[in-house]
**Student:** 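Input: one structure, supplied below.
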Amino acid sequence: VTHSFGGVVARAALSSEEWRAATQGMGWGTEGRALRCIMLGPPNRGSSLARTLRPKPSSPQGIGDYAYSWALDLLSKSVLGEKAGLELASEQEDDAKFGVVPKECETLIIAGDIGGANPLLGEPSDGVVTVSETMLSKPHWRLTLTAPHNLIGEHPGAVRASIDFIEGL
């Protein structure tokens, strides 16, 4: 079970050679050996918020432009992190850049939708990640709940769905 960028980390791990070597012959995905992954609010297709906060590569015209660029850069790094924020800010045609969830891994994605609470996003979102950015290109189970990004894991519907999914119900 992952939250936010943890879903991207899990995808990278599940698609790595190390994972395949370590689990070879374990029978994941066969009867009685289900491999399941639950992602809460993952930015699987990057983050439009990260793209909005990413400093623009332009030369400042004056002290005001310099101060604005500096403040935006500081905000971006503090909210998104230095390296992860840059990764999430890249445009994503699909979700393969961050690793592909193996076909034998059943996946449940739980997205939040609190309406237009964040005008920077311009589409249904949990205030940080849009619902469309949570999707994978592979078939997966999906659930959208009325919950903000930081509280989606505490939503009773997310807890119940996660337990049911792990138990294979």
**Student:** Sequence neighbours left out, what passes side-chain contact (heavy atoms from CB on, under 4.5 Å) with S132? Give chain and number order.
**Tutor:** E123, T130, M135
**Student:** Could you report the tightest heavy-atom contact between G7 and P42, atom names first, then the distance?
**Tutor:** CA-CB, 4.5 Å
**Student:** Are the side chain of T144 and the backbone of R142 linked by a donor-acceptor contact shorter than 3.5 Å?
**Tutor:** no
**Student:** Would you please name every residue forming a side chain to side chain donor-acceptor pair (under 3.5 Å) with R160, sequence neighbours left out?
**Tutor:** D164
**Student:** Identify the two heavy atoms, one from L14 and one from C105, that lie closest to each other, and give their separation to 0.1 Å.
**Tutor:** CD1-SG, 4.3 Å
**Student:** List for me each residue that meets side-chain contact (heavy atoms from CB on, under 4.5 Å) alongside H3, sequence neighbours excluded, and say none if there are none.
**Tutor:** L40, H149, I152
**Student:** With E154, which residues qualify under side chain to side chain donor-acceptor pair (under 3.5 Å), at least two apart?
**Tutor:** none
**Student:** Compare all side-chain heavy atoms of H140 with those of M39 and state whether any distance is below 4.5 angstrom.
**Tutor:** no
**Student:** Identify, with sequence neighbours excluded, every residue that meets side-chain contact (heavy atoms from CB on, under 4.5 Å) alongside E17.
**Tutor:** R20
**Student:** Hey, are the side chains of I110 and S162 touching, using non-hydrogen atoms and a 4.5 Å cut-off?
**Tutor:** yes
**Student:** Tell me whether V101 shares a hydrophobic cluster with W141, the cluster being built from Ile, Leu, Val, Met, Phe, Trp, Tyr side chains joined at under 4.5 Å.
**Tutor:** no
**Student:** With a 4.5 Å heavy-atom cut-off, do N150 and V128 have their side chains touching?
**Tutor:** no
**Student:** Looking only at heavy atoms, what is the nearest atom pair of T134 and A111, with distance?
**Tutor:** OG1-CB, 3.8 Å
**Student:** Specify the closest pair of heavy atoms between I114 and A117, including all atoms of both residues, with the distance to one decimal.
**Tutor:** CD1-CB, 3.6 Å
**Student:** Same cluster or not: L108 versus V159, using hydrophobic residues (I, L, V, M, F, W, Y) connected whenever any side-chain heavy atoms lie under 4.5 Å apart?
**Tutor:** no
**Student:** Spell out, as yes or no, whether a donor-acceptor pair under 3.5 Å connects the side chain of R36 to the backbone of E106.
**Tutor:** no
**Student:** Cluster question for you: counting only ILVMFWY and a side-chain heavy-atom cut-off of under 4.5 Å, with indirect links fine, are F5 and I38 together?
**Tutor:** no
**Student:** If you take all heavy atoms of T107 and K138, which pair is closest and at what distance?
**Tutor:** OG1-CE, 3.7 Å
**Student:** V129 and G41: which non-hydrogen atoms are nearest, and at how many Å?
**Tutor:** CG2-O, 3.8 Å
**Student:** Does some side-chain heavy atom of N44 sit less than 4.5 Å from a side-chain heavy atom of I109?
**Tutor:** yes
**Student:** List the residues meeting side-chain contact (heavy atoms from CB on, under 4.5 Å) with S16, not counting sequence neighbours, and say none if there are none.
**Tutor:** E18, W19
**Student:** With rounding to the nearest 0.5 Å, note down the distance linking SG in C37 to CZ in F165.
**Tutor:** 8.0 Å
